[in-house]
Number of protein chains: 2
Amino acid sequence: MAESATRRVSEAPRTAVGRDGVLDIAARLFREQGYGTVSLRKIAEAAGIKAGSIYYHFGSKDEIVVAVLDVGIQVVHDNMQQAVSALPKDTGAETILRAAIAAHLRALLDLSDYTSANVRIFGQVPQSVRDANLPTRRAYEAEWDTLMSRLQERGALKPDVDIRRLRLMLIGALNATLDWFDPERGSAEALSRTYADVFLNGILERQDT
Amino acid sequence: MAESATRRVSEAPRTAVGRDGVLDIAARLFREQGYGTVSLRKIAEAAGIKAGSIYYHFGSKDEIVVAVLDVGIQVVHDNMQQAVSALPKDTGAETILRAAIAAHLRALLDLSDYTSANVRIFGQVPQSVRDANLPTRRAYEAEWDTLMSRLQERGALKPDVDIRRLRLMLIGALNATLDWFDPERGSAEALSRTYADVFLNGILERQDT
DNA sequence: GTCTATACGAAGATAGAC
DNA sequence: GTCTATCTTCGTATAGAC
């Protein structure tokens, strides 16, 4: 992922944004405007360089897009993995799932233009680009499946829920927040609590009865 | 909405597909390929006419897209409204919500290229096109809000859930199925039951305790 | 590492014949 | 209602100077 700590915002840099700088800008534009309307000329302009110069760093537009997509998944994957592994060994299922949900939403809504760009444009890019991003995606999906399978074996989840379908439902629901999330109406943190409330009460075995 | 009962599939029509025919084709292509990659030339070719001829029926590409988007919402709106109003007056909250969820998913996954095209491309079209589709969307959203508010007043939903947020979560989750739904892995009907199971147990007041 | 200049294709759109 | 022909703009991409 690009190191963007020193990137300028309103003032166009006169020199050497570099590969990572271009990538940061591309991710932000893809997140804001989608895939189709973001041309290399737009990316170049936002980076303060000329369109042709981009080809010093990348071989094609697709190469940029693939890089953005891959980083986007890696960020959310790392975030989720660390949030879960930071918990004590004897942590309950509900707390684990709440941490994973919160980590996913945090990466998507607060942390990373790369992750939000991925969710926003994945359905818009050429098939070849999607294919290139698939292995990285699969790894993240497997992380969720492993987590939920462990919880199910523990007896913490209803035994009849299909893990794959549950993962698709949950991730799909979380990613959909990108279309309407407004930080002025409440934090991503608060939102993740609501999602956990709704999903967990449908997923967890009832303690009473 | 276009009358497509007699539309040919593999054989290119030699004449007069008409405005509705063009619209049907456009909806199908938008659903399959997204907004950016579907050109007027592609639509024309699939319709068996030349690109220039489209301008006899429509003033611009945007005009086609707006028409597709509007019909897409109208179809799912009608479907949901009828499914709910067909129920007896004293029907319980759970049955009502299950019917509404099933109707939404049916329109999206089984019934209409227009509805699936809407969900697929709304995030890809120019702002002006989104704005044109907004009133129709608002009406459908209001339908859901009215339904759920009534149920909440009845005491059927937890009193602390925010209706607007709940609607965004639910519709967002349902629409996300478009990205991965595979009829060979189970029907839309079965899928709607799973969604109802998960959401209702988080939404409905617990009967026990 | 970035520039200028340019090749090439594809897009939306229009005009007038049939 | 549809065709042919064409205009104009904008996209990705390349070549060679600095």
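Quick caveat, the model's predicted, so the values are computed rather than measured.
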Whole-Å distance, B:Ile43 CD1 to C:dA13 P, equals 11 Å
For A:Lys50 and D:dT12, what is the distance between atoms NZ and P respectively, to the nearest whole Å? 16 Å
Determine, step by step, whether A:Tyr140 and A:His104 satisfy the side chain to side chain contact (heavy atoms under 4.5 Å, CB included) criterion, reporting the C-alpha distance in whole Å, the side-chain angles of both residues, the deciding distance to 0.1 Å, and the verdict. CA-CA 11 Å; A:Tyr140 181 50; A:His104 184 94; 2.6 Å; yes
Starting the side chain at C-beta, find the nucleotide from C:dT2, D:dT2, D:dT12 nearest to B:Ile49. D:dT2
Side-chain contact, heavy-atom cut-off 4.5 Å: A:Arg137 with A:Phe122? yes
Atom-to-atom span, CD of B:Glu45 to P of C:dA10 - whole angstrom: 13 Å
Might you work through the side-chain hydrogen bond (donor to acceptor under 3.5 Å, both in side chains) test for A:Gln152 and A:Lys158, ending with a clear yes or no? CA-CA 7 Å; A:Gln152 195 174 43; A:Lys158 292 181 179 172; over 6 Å; no
Rounded off to whole Å, could you give me the CD1-to-C1' distance for the B:Ile54 and C:dT14 pair? 14 Å
Does B:Ser192 form a side-chain hydrogen bond (donor to acceptor under 3.5 Å, both in side chains) with B:Arg106? I'd like the steps, not just the answer. CA-CA 8 Å; B:Ser192 79; B:Arg106 190 165 46 241; over 6 Å; no
Between protein and nucleotides 13-15 of chain D, what N or O pairs are separated by less than 3.5 Å?
unit_1	atom_1	unit_2	atom_2	d
D:dA13	OP2	A:Tyr55	OH	2.9
D:dA13	OP2	A:Lys61	N	2.8
D:dA13	O5'	A:Tyr55	OH	3.2

Does any non-hydrogen side-chain atom of A:Tyr195 lie less than 4.5 Å from one of A:Leu170? no
Could you go step by step and tell me if B:Val17 and B:Ile25 meet the side chain to side chain contact (heavy atoms under 4.5 Å, CB included) rule? CA-CA 10 Å; B:Val17 283; B:Ile25 304 252; over 6 Å; no
Step by step, would you call B:Leu147 with B:Val84 a side chain to side chain contact (heavy atoms under 4.5 Å, CB included)? CA-CA 9 Å; B:Leu147 173 66; B:Val84 170; 4.3 Å; yes
Might you list the N or O atoms of the protein lying below 3.5 Å from N or O atoms in nucleotides 16-18 of chain D, with each pair's distance?
none

Using whole Å, what does the distance between atom P of nucleotide D:dG1 and atom CZ of B:Arg19 come to? 12 Å
Return all side-chain donor-acceptor pairs below 3.5 angstrom for residues 60-71 of chain B, not counting sequence neighbours, or 'none' if the list is empty.
unit_1	atom_1	unit_2	atom_2	d
B:Ser60	OG	B:Asp62	N	3.4
B:Ser60	OG	B:Glu63	N	3.2
B:Lys61	NZ	B:Val38	O	3.0
B:Glu63	OE1	B:Gly59	N	3.1
B:Asp70	OD1	B:Asn133	ND2	2.7
B:Asp70	OD1	B:Thr136	OG1	3.3

